[in-house]
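Everything below concerns the one structure shown next.
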Amino acid sequence: MFTDSWRSMAKGDIAPVYLVSGPEMYFFDETEKRLKEAMAEAAASELTTFDLDETPIEAVIEEADTFPFFCERKLIIARNASFLKAAEKGKEKVEHDLDRLMDWLAHPPESAVVLFLAPYEKLDARKKVVKAFRKHAVCLEAESLKPHDIETWIRQEAVRLGSKISDAAVRLLIETAGEDMVRLRSEMEKLSLYSGEGQEIGTDTVGLLVTKTPEDDAFKLLDAYMQGDSAKALMIYRDLLQNKEEPIRLNALLANQVRLMIQVNALKKKGYQQHQIAKQLKVHPYRVKLILENRKMADEARLLATLSRLADADLRLKTVSGNRERVLELVLMQKVNGIR
């Protein structure tokens with residue numbers, strides 16, 4: 001759907017109203033970029049941006065209804081359309097005239113293009129205003145890609161950038177950089193530029209240029225610990241400390257990952273498939289895939305015991321003074337039994 005809309009934009013076939021919603025920020029950034037490229041004249045002279053958490057929708061409508069001076073069609077970007085999602089009453093920062101918006105959506109002016117951005121997991125399909133958008137606007141859902149689709153997209157990015165990438169490099173890139181498409185796009189641009197036009201990106205290049213995040217190392221630390229390799233876990237932990245990572249933050253990252261492992265295993269036992277588990281837990285399918293493919297995972301009892309240890313460590317980290325680094329180090333030195 002996004003590809004078709006981007007292709008239409010490039011041809012000059014641009015709708016008066018677009019709505020992008022969902023959790024994957026890459027599609028928000030790319031749609032805004034493509035629209036600005038397709039409307040270069042408007043982007044340079046007739047571009048207005050609104051934050052709908054701070055500005056009422058009436059301001060957007062009034063701007064759209066005002067005839068442009070410097071080009072045929074003006075471009076308006078309306079961010080944070082939070083009135084489209086379910087919200088607690090009394091929590092709204094700004095009061096919006098949604099009846100006026102629905103009337104306007106039925107007959108938008110030809111002299112403006114308005115891009116509404118709603119970076120939320122779900123919209124409230126029961127709301128009349130959501131139904132009005134779906135009836136009158138081009139609605140694009142920015143869903144996170146499945147692992148296989150991410151791999152395909154990375155290969156397509158390589159081609160777009162004038163290079164190519166090996167299958168092993170694709171897997172290493174995802175393992176190192178994660179599944180966030182905004183970051184992956186940035187990394188691919190860097191890798192392609194370094195490799196040169198027409199050259200293949202290999203694992204050596206990925207390993208050289210792609211920087212690991214603390215979360216990546218924390219997950220590797222946990223994996224080593226859960227497999228009983230305390231020496232490796234301690235080595236990773238000390239490297240993280242040298243990089244100025246705080247023990248309390250690392251402890252929280254480890255606890256969150258153990259909690260996710262417990263939840264994934266519980267849903268798997270109930271017969272849920274990978275994509276169903278990811279949707280239920282609201283995490284990217286790739287994270288679920290890594291857990292399900294780990295054949296050396298500790299059983300549920302040992303995971304719960306580890307979570308209890310991390311909870312105790314969290315309490316000590318928040319209450320004791322002195323050598324906090326030692327608190328988590330002692331946890332990592334404890335033996336984990338029950339590896340299957």
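In this text the structure is predicted, and so the values were computed from the model without any measurement.
- Scanning both residues, Leu328 and Pro247, for their nearest heavy atoms gives CD2-O, 4.0 Å.
- If you take CG on Leu332 and OH on Tyr225, they are separated by 7.0 Å, rounding to the nearest 0.5 Å.
- Residues satisfying the ring-ring contact (aromatic ring centres under 6.0 Å, His included) test with Trp6, not counting sequence neighbours, are Phe2.
- Considering Leu123, Val130, Leu140 in turn, Leu123 is the only one that fulfils the side chain to side chain contact (heavy atoms under 4.5 Å, CB included) rule with Leu19.
- Nearest approach of Val20 to Ala142, heavy atoms of both residues: CG1-CB, 4.2 Å.
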Return all side-chain donor-acceptor pairs below 3.5 angstrom for residues 199-207, not counting sequence neighbours, or 'none' if the list is empty.
none

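- Checking side-chain atoms of Thr306 against main-chain N and O of Arg302 turns up a donor-acceptor pair under 3.5 Å.
- The side chain to side chain contact (heavy atoms under 4.5 Å, CB included) check on Asp53 picks up Asp51, Asn80, Ser82, Lys93, with sequence neighbours excluded.
- Listed by chain and number, the residues in a ring-ring contact (aromatic ring centres under 6.0 Å, His included) with Tyr26 are Trp153 (sequence neighbours excluded).
- Lys74 and Glu63 are joined by a salt bridge, as a carboxylate oxygen and a charged side-chain nitrogen come within less than 4.0 angstrom of each other.
- In this structure, the side chain to side chain contact (heavy atoms under 4.5 Å, CB included) partners of Met25, at least two apart in sequence or on a different chain, are Phe28, Pro119, Val182.
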Atom pairs and distances, donor-acceptor, side-chain atoms in residues 164-175, under 3.5 Å, two or more places apart:
| unit_1 | atom_1 | unit_2 | atom_2 | d |
| --- | --- | --- | --- | --- |
| Ser166 | OG | Ala169 | N | 3.1 |
| Asp167 | OD1 | Arg155 | NE | 3.3 |
| Asp167 | OD1 | Arg155 | NH2 | 3.1 |

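- For the residue pair Ala86 and Asp124, the shortest heavy atom distance occurs at N-CB, 3.7 Å.
- In this structure, the side chain of Thr176 does not engage the main chain of Val210 through any donor-acceptor pair within 3.5 Å.
- Evaluation of the side chain to side chain contact (heavy atoms under 4.5 Å, CB included) rule for Val94 yields Pro56, His96 as partners, not counting sequence neighbours.
- Annotation: ring pair (Phe, Tyr, Trp, His ring centres under 6.0 Å) contacts involving residues 111-141, sequence neighbours excluded, comprise Phe116-Phe133.
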Set out, in order, the CA-CA distance, both residues' side-chain angles and the distance that settles salt bridge (charged side-chain N to carboxylate O under 4.0 Å, His left out) for Lys220 and Asp223, then state yes or no. CA-CA 5 Å; Lys220 289 181 180 179; Asp223 187 56; over 6 Å; no
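- Other members of a hydrophobic cluster containing Leu193 are absent, since no ILVMFWY side chain comes under 4.5 Å of it, directly or through relayed contacts.
- With rounding to the nearest 0.5 angstrom, the CE atom of Met188 is 6.0 Å from the CG atom of Leu191.
- Remark: Lys190 engages Glu187 in a side chain to side chain donor-acceptor pair (under 3.5 Å) (not counting sequence neighbours).
- Within the model, atoms CD of Gln273 and CG of Leu292 stand 9.5 Å from one another, a figure rounded to the nearest 0.5 Å.
- Annotation: the span from Leu250 atom CG to Leu241 atom CG amounts to 6.5 Å, rounded to 0.5 Å.
- Here the side chain of Tyr237 pairs a donor or acceptor atom with the backbone of Glu325 at under 3.5 angstrom.
- With hydrophobic clusters built from ILVMFWY side chains whose heavy atoms lie under 4.5 angstrom apart, Phe50 does not share a cluster with Val113.
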Given the rule in the side chain to side chain contact (heavy atoms under 4.5 Å, CB included) test, do Arg185 and Asp29 qualify, once you have shown the distances and angles that lead to the verdict? CA-CA 11 Å; Arg185 177 182 58 186; Asp29 295 346; 3.9 Å; yes
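- Contact detail for Ile61 and Leu101: the closest heavy-atom pair is CD1-CA, 3.8 Å.
- Phe67 shares a hydrophobic cluster with no other residue; no ILVMFWY side chain has heavy atoms under 4.5 Å from its own.
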Distance-only donor-acceptor pairs under 3.5 Å for side chains of residues 34-47, two or more places apart:
| unit_1 | atom_1 | unit_2 | atom_2 | d |
| --- | --- | --- | --- | --- |
| Arg34 | NE | Glu30 | OE2 | 2.8 |
| Arg34 | NH2 | Glu30 | OE2 | 3.2 |
| Lys36 | NZ | Glu32 | OE2 | 3.0 |
| Ser45 | OG | Glu41 | O | 2.9 |
| Glu46 | OE2 | Phe69 | N | 2.8 |
| Glu46 | OE2 | Phe70 | N | 3.1 |

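- In terms of modelled atom types and a separation under 3.5 Å, the side chain of Asn251 and the main chain of Leu310 share a donor-acceptor contact.
- Interatomic distance, CG of Leu304 versus CZ of Arg259, reported as 11.0 Å (0.5 Å rounding).
- By the 4.0 Å N-to-carboxylate-O rule, Asp103 lies too far from Arg100 to be salt-bridged with it.
- In terms of modelled atom types and a separation under 3.5 Å, the side chain of Ser8 and the main chain of Asp4 share a donor-acceptor contact.
- Counting all heavy atoms, side chain and backbone alike, Ala177 lies closest to Leu184 at CB-CD2, 4.0 Å.
- With respect to the salt-bridge test (charged N to carboxylate O, under 4.0 angstrom), the residues Asp312 and Arg316 do not qualify.
- If you take CD1 on Ile14 and OG on Ser5, they are separated by 11.0 Å, rounding to the nearest 0.5 Å.
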